[in-house]
**Q** 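Provided herewith is a single structure, encoded as structure tokens, for subsequent inquiry.
From a predicted model like this one, the values you see are computed outputs, not experimental measurements. Heavy atoms only: backbone and side chains are in, while hydrogens, waters and symmetry mates are out. In what follows, chains carry the letters A, B, and so on, assigned in the order in which the sequence lines appear, proteins first and then strands, with residues in each chain numbered from 1.
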2 protein chains.
Amino acid sequence: MAEANLKVVSEPIAKAQDDVCEILYVDEPRVKAVAAQMPADETIRQVANIFKVLSDPTRVRIIFALSRAELCVCDLAALLGLSISAVSHQLRLLRNLRLVKYRKEGRLAYYSLDDDHTGQLLHEVLEHVQ
Amino acid sequence: MAEANLKVVSEPIAKAQDDVCEILYVDEPRVKAVAAQMPADETIRQVANIFKVLSDPTRVRIIFALSRAELCVCDLAALLGLSISAVSHQLRLLRNLRLVKYRKEGRLAYYSLDDDHTGQLLHEVLEHVQ
DNA sequence: TGAATACTTGAGCAATAATGCAAATAACCG
DNA sequence: CGGTTATTTGCATTATTGCTCAAGTATTCA
């Protein structure tokens, strides 16, 4: 449970590199000024994670479809021309991230969007592209 | 040139899978209705590609930094605590996607944002997170 | 011209992630 | 119960990606 994947691999982010130019800074005040404005690493990671959700076309299509209708896994797979397994894997991921929720009706699992923000973000960029 | 990477792997998207439920559709009219609204595969791929740019913390930090100041590769690397090479690789990618531009001054290459939309999108999500 | 510096680039490695397959779970029905 | 169906899940495979290393290019300066 709670194995929310799609985690951006935090890590180094500030590991003294010896691959740096000798002078260290070409324009130190400018660098310092920007450094002071840099968001915290944790914030950066959260932002990247949000974008990562929509960085895969399968997930984009799933989220788009669910923004239009509540669908069971089977219909979603048929709609997208994907295997049930592939869809279920992605749904688990989205479930762990609390982006979708589901409702059990007999053996069917009806999925819908849980978090409005992501769908909102998707449609925003979608309109921009079209 | 023009080897714009970060391409989402288009592919199948509509390959008759035998892994589909027997009935084919639980709720055919609903599936058809959503199918009719589905954006074209090409559109979906473009959207995913846009999100993909910001799905990595290093690129998020680079784009944030460049949204604050024009910086040479060396200062950018120092600012982010990354190797020059790592930064340069990401800059090439962003260059190929026309998201950043650069200005040569002697041996220094000063990078800045070329496309406002991506920086805009980043700041939007950033504010939402903070 | 030659050394040094700033950056770019190609190859390759290690980590991630998307999907398929097969087994497991769960609900329904005879 | 036993069989069928809908979905989930673990594992394996393959593809992608971010980074390092080392070599290459270009520009400045002595």
**Q** Would you kindly compare Glu105(A) and Ser88(B) by the position of their nearest DNA chain C nucleotide and give the one closer to the 5′ end?
**A**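 It is Ser88(B), whose closest nucleotide lies nearer the 5' terminus.
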**Q** Give a yes/no on whether any side-chain N or O of Gln90(B) is located under 4.0 angstrom from OP1 or OP2 of dC19(D).
**A**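 Yes, such a contact exists.
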**Q** Using 30° and 60° as the class limits, which term best fits the ring planes of Phe64(B) and His123(B): parallel, tilted or perpendicular?
**A**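 Geometry flag for His123(B) against Phe64(B): tilted rings.
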**Q** How long is the line joining NE2 of His89(A) and P of dT16(C), in whole Å?
**A**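 Between P of dT16(C) and NE2 of His89(A): 18 Å.
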**Q** Which residues pass the ring-ring contact (aromatic ring centres under 6.0 Å, His included) test with Tyr110(B), not counting sequence neighbours?
**A**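 So Tyr110(B) forms no ring-ring contact (aromatic ring centres under 6.0 Å, His included) with any residue.
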**Q** Counting only side-chain nitrogens and oxygens, does Arg95(A) get under 4.0 Å of the OP1 or OP2 atom of dT9(D)?
**A**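 Yes, such a contact exists.
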**Q** Evaluate whether atom NE2 of His128(B) has more than 12 neighbouring non-hydrogen atoms of other residues, nucleotides or ligands under 6.0 angstrom away.
**A**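 No, NE2 of His128(B) has 12 or fewer neighbouring heavy atoms, counting only those of other groups under 6.0 Å.
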**Q** Take the protein atom CZ of Phe51(A) and the nucleotide atom P of dT16(C), then report the distance between them rounded to whole Å.
**A**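 Going from CZ in Phe51(A) over to P in dT16(C) covers 22 Å.
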**Q** Which of the following nucleotides, dC7(C), dA18(C), dG18(D), is nearest to the side chain of Arg59(B)?
**A**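 In terms of side-chain proximity for Arg59(B), the closest of dC7(C), dA18(C), dG18(D) is dG18(D).
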**Q** Any idea how Phe51(B) and Phe51(A) line up, ring-wise: parallel (<30°), tilted (30 to 60°), or perpendicular (>60°)?
**A**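 Geometry flag for Phe51(A) against Phe51(B): tilted rings.
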**Q** Quick one: side-chain hydrogen bond (donor to acceptor under 3.5 Å, both in side chains) partners of Glu70(B), sequence neighbours excluded?
**A**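 Listed in chain order: Arg103(B).
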**Q** Atom CG of Asn49(A) to atom P of dA17(C): distance rounded to whole Å?
**A**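 Asn49(A) atom CG is separated from dA17(C) atom P by 9 Å.
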**Q** When all nucleic acid strands are considered with a 4.0 Å heavy-atom cut-off, which category describes Tyr111(B): base, sugar-phosphate, or nothing?
**A**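 Sugar-phosphate only.
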**Q** How many Å lie between CD1 on Ile84(A) and C1' on dT9(D), as a whole number?
**A**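 Rounded to whole Å, this separation is 14 Å.
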**Q** Check this one for me: any side-chain N or O of Arg92(B) less than 4.0 Å away from OP1 or OP2 of dG10(C)?
**A**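 Looking at the OP1 and OP2 atoms of dG10(C), one of them is under 4.0 Å from a side-chain N or O of Arg92(B).
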**Q** Using heavy atoms to find the nearest nucleotide of DNA chain C for Thr58(A) and Lys104(A) separately, return the residue whose nucleotide is more 5′.
**A**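 Per heavy-atom nearest nucleotide, the more 5' residue is Thr58(A).
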**Q** Does any donor-acceptor pair link the side chain of Ser85(B) with the base of dC19(D) at a separation under 3.5 Å?
**A**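 Under the 3.5 Å cut-off, the side chain and the base do not form any donor-acceptor pair.
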**Q** What's the OH-P distance between Tyr110(A) and dA27(C), to the nearest Å?
**A**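 Answer to the nearest Å: 16 Å.
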**Q** Roughly, in whole Å, what's the span from CG in Leu82(B) to C1' in dA6(C)?
**A**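 In whole Å, dA6(C) C1' and Leu82(B) CG are 17 Å from each other.
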**Q** Between Arg107(A) (CZ) and dT4(D) (C1'), how many Å, whole number?
**A**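 Distance, rounded to whole Å: 7 Å.
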**Q** Mind calculating the distance between CZ (Arg103(A)) and P (dA27(C)) to the nearest angstrom?
**A**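 Those two atoms, CZ and P, are 15 Å apart.
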**Q** Classify Tyr102(A) by what it touches in the nucleic acid, base, sugar-phosphate, or nothing, heavy-atom distance under 4.0 Å.
**A**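 Answer is nothing: Tyr102(A) stays at 4.0 Å or more from every strand.
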